[in-house]
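Treat the numbers as computed from the prediction; the structure is a model and nothing was measured.
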Amino acid sequence: MWEAGHRGPVCARGPGVIAAGEKCERTTAHVDLFATCAEIARAELPGDAAEDSFSWLPLFKGGDWSRPRAPVINHSASGIFALRSGKWKLIAGNGSGGRQAPKGRLFQKPFMLFDLQADLGEKNDLAEAKPELVEELTVKLEAVRSK
């Protein structure tokens, strides 16, 4: 569930759309390709199609999304979920969810909470210091999972 397993660069080129050397620090996900491709193709999407997909075109043009980004969900091979909401990342398990020790178990507490803006290496677990935020993000994760 660590950022090293989910974070990666995206390179895009679009003469007349993307300024040379433009950089964007927004959280995006592979599911955003759906809305991005639909907007490029000028396809009208039904309201219930890929509601968690956000087009990258406004970001490519140096702007922002017209509505707040839905939280991004990551999922490990062993079933552990993580929710990324703004600078916060909640890991809904007590380990990596992968090969790195401790491997952890899904939905086994204590969950882990990281401020990725201040701690990209995920060294400082803030879950114990911020239980209200852990609860708030857990509720968001459960809402997404129950859809």
For a quick test of reading the model, state the closest non-hydrogen atom pair linking [X] to [Y] and the distance between them.
| X | Y | answer |
| --- | --- | --- |
| Ala12 | Phe60 | CB-CZ, 3.8 Å |
| Glu22 | Gly62 | OE2-CA, 4.1 Å |
| Thr28 | Leu59 | CG2-CD1, 4.0 Å |
| Val72 | Ala29 | CG1-CB, 3.9 Å |
| Ala49 | Phe34 | CB-CE2, 4.5 Å |
| Leu141 | Ala92 | CD2-CB, 3.6 Å |

Hydrophobic clusters here meaning ILVMFWY residues chained together by side-chain heavy-atom distances under 4.5 Å, can you tell me if [X] and [Y] are in one?
| X | Y | value |
| --- | --- | --- |
| Leu45 | Phe54 | no |
| Ile40 | Ile18 | yes |
| Val10 | Val31 | no |

Taking the side chain as every heavy atom from C-beta outward, state whether [X] and [Y] have any pair of such atoms under 4.5 Å apart.
| X | Y | result |
| --- | --- | --- |
| Ser85 | Leu137 | yes |
| Leu116 | Arg84 | yes |
| Lys140 | Leu83 | yes |
| Trp88 | Lys130 | yes |
| Val144 | Phe81 | no |
| Pro15 | Arg13 | yes |
| Asp64 | Arg26 | yes |

Heavy-atom donor-acceptor pair, [X] side chain to [Y] backbone, under 3.5 Å:
| X | Y | answer |
| --- | --- | --- |
| Asn74 | Ala82 | no |
| Asp125 | Met112 | no |
| Ser146 | Ala143 | yes |
| Trp65 | Ser55 | yes |

task: Could you pull out all residues at least two apart from Phe114 that satisfy ring-ring contact (aromatic ring centres under 6.0 Å, His included)?
output: none
- request: Supply the atom-to-atom distance Leu90 CG to Leu126 CG, rounded to the nearest 0.5 angstrom.
  value: 11.5 Å
message: Check this for me: does any side-chain nitrogen of one of Asp115 and Lys89 sit under 4.0 Å from a carboxylate oxygen of the other?
response: no
- prompt: In chain order, what residues pass the salt bridge (Lys or Arg N to Asp or Glu O under 4.0 Å) check against Glu142, with sequence neighbours excluded?
  reply: Arg145
